[in-house]
Amino acid sequence: MALHRITTLPGDGTGREVMTEAMKLLQTIESNSPMTFQITEIQCGGQHYLETGEEWPEGSFEYCRDQSDAILLGAIGWPGATMPNGDLAGGQVILGLRSGLDLYANVRPIKLYKGIQHKIHGDFKQVWSPGLVDMVVVRENTEGLYQTLLSRSSHAAQGIPYPSVPEIEIPGMDGEFAWDPRPISRKGSERVIRFAFDIAERRSGTPSDGTSRVSCIDKSNVTRGCQLFRSIYLEIAENHPDIETDMAYIDAFTMWLVRQPEFYDVVVTSNMFGDIATDLASTLQGGMGMAASANIGDDHMMFEPVHGSSPKYAGKGVVNPIAMLSSVQMMLDWLGRRSGDADATVAAEIVESAIENQVSEGGTLTYDLGGEASTSEVSEAICARVASMLATHYTSA
Ligand code: IPM
Ligand code: MN
């Protein structure tokens with residue numbers, strides 16, 4: 001019987017609330033399947049920084065690195081929680097882990113479930129049906145516009161000073177200016193693009209006609225980094241003749257994403273473009289309350305809902321827990337993949353069905369999906385479905 005070591009980082013605001021629900025789900029799985037979890041919670045984030053003067057306790061990074069099979073993160077970021085140098089307080093947690101653990105692929109599935117209405121306003125309700133939105137965005141997670149900040153956070157997390165950006169002079173730039181380099185490497189691009197093709201190999205193609213396709217989204221008409229990224233994409237695509245190639249500039253992509261989501265299967269892009277595009281894409285799946293993600297590296301993995309700490313709703317018990325429960329679902333799936341624990345794969349499939357059934361069979365929903373239920377009512381309803389499906393599975397098995 002495999003024991004899975006899970007480190008939880010509730011973080012800020014509603015991250016803490018949805019983490020409580022994630023724990024109910026893990027408990028439900030433990031009580032109804034052979035799976036066992038060893039859970040360690042670490043307090044962290046912007047609020048923790050305001051309260052204690054540190055982003056997380058010393059040794060937390062090492063704990064995540066050395067003692068965890070998977071990390072589950074709530075949300076990082078709180079109004080007014082800024083470090084003396086201007087960095088996001090809690091950045092060491094989210095960015096330090098992404099970079100320090102080399103979690104190079106940020107995987108963000110965008111799927112519209114039956115029973116959920118997308119969030120695009122206007123007369124498009126008939127045009128999009130659930131079967132037309134089902135893609136995975138793979139966002140490069142360790143370099144690009146985030147590279148300096150990521151490295152700073154990662155160095156800080158490991159107690160190593162980060163060298164400052166060298167002083168430079170740029171003709172025509174007089175007076176004060178800020179400088180954000182955007183390094184894109186062959187190594188960083190190759191590994192994330194390969195990862196995207198691997199995902200496409202495992203999926204069943206686009207919702208429109210089942211074509212397997214990896215779309216490379218860049219701005220190679222303007223930036224050198226994107227030119228490198230695209231040329232590596234084309235090299236890797238050559239080894240996957242069964243997968244259709246597709247390339248678009250990020251500006252045009254944002255339009256196509258909304259106009260014809262059914263065209264997309266797997267999308268691969270650089271860090272900041274992926275950050276922006278996935279917030280937009282979440283509207284196609286019913287909003288941020290539905291958006292889950294995985295940060296995957298070769299040796300480590302971390303899972304988190306995309307929505308952030310939403311200070312406006314924090315403490316009210318009303319936010320949608322599904323993004324977090326779906327992130328747990330991704331965690332179970334990856335634990336199954338990496339540890340070979342078949343029970344984790346079973347649990348992942350069951351959690352996905354439970355969520356799907358909850359929304360399509362008229363189960364209670366939170367305000368963002370037109371319902372009136374609280375965060376815990378929705379998650380407890382989903383947990384009840386999980387419990388009964390697990391019971392059925394293990395008694396008939
Ligand atoms: C995300 C978030 C983070 C990011 C922030 C909190 C640093 O927006 O996970 O998308 O920019 O990557
Ligand atoms: Mn974001």
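Whatever order the structure lists ligands and atoms in, that order sets their numbers, starting from 1. Note that the structure is predicted; figures quoted are calculated from it, not measured.
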Using the salt bridge (Lys or Arg N to Asp or Glu O under 4.0 Å) rule, pick out the option among E17, E377, E380 that qualifies with K24. E380
Please state which protein non-hydrogen atom is closest to atom 8 (O) of ligand 1 and give its distance, to 0.1 Å? D275 OD1, 3.4 Å
Does R108 reach ligand 1, in the sense of a heavy atom lying below 4.0 Å from it? yes
Looking at atom 5 (C) of ligand 1, what's its closest protein heavy atom, distance included? I94 CD1, 4.7 Å
Aromatic ring pairing W334/F195, orientation class (parallel under 30°, perpendicular over 60°, tilted between): parallel
of all protein heavy atoms, closest to atom 4 (C) of ligand 1 is Y146 OH, 3.4 Å
Tell me: protein heavy atom nearest atom 9 (O) of ligand 1, and distance? R98 NH2, 2.7 Å
In the complex you have, is atom 1 (C) of ligand 1 within reach of the protein, judged by whether a heavy-atom distance drops under 4.0 Å? yes
Give the ring-plane orientation class for F37 versus H4, where under 30° counts as parallel, over 60° as perpendicular and anything between as tilted. tilted
Can you tell me the protein heavy atom closest to atom 6 (C) of ligand 1 and the distance? I76 O, 4.0 Å
Ion pair present between R213 and D246, side-chain N to carboxylate O less than 4.0 angstrom? no
Using a strict 4.0 Å threshold on nitrogen-to-oxygen distance, state whether D102 and R191 make a salt bridge. yes
Heteroatom test (N, O or S) for D275 near the Mn ion (ligand 2), limit 2.8 Å: yes
Just to verify, which of R152, E55, H155 counts as forming a side-chain hydrogen bond (donor to acceptor under 3.5 Å, both in side chains) with Q92? E55
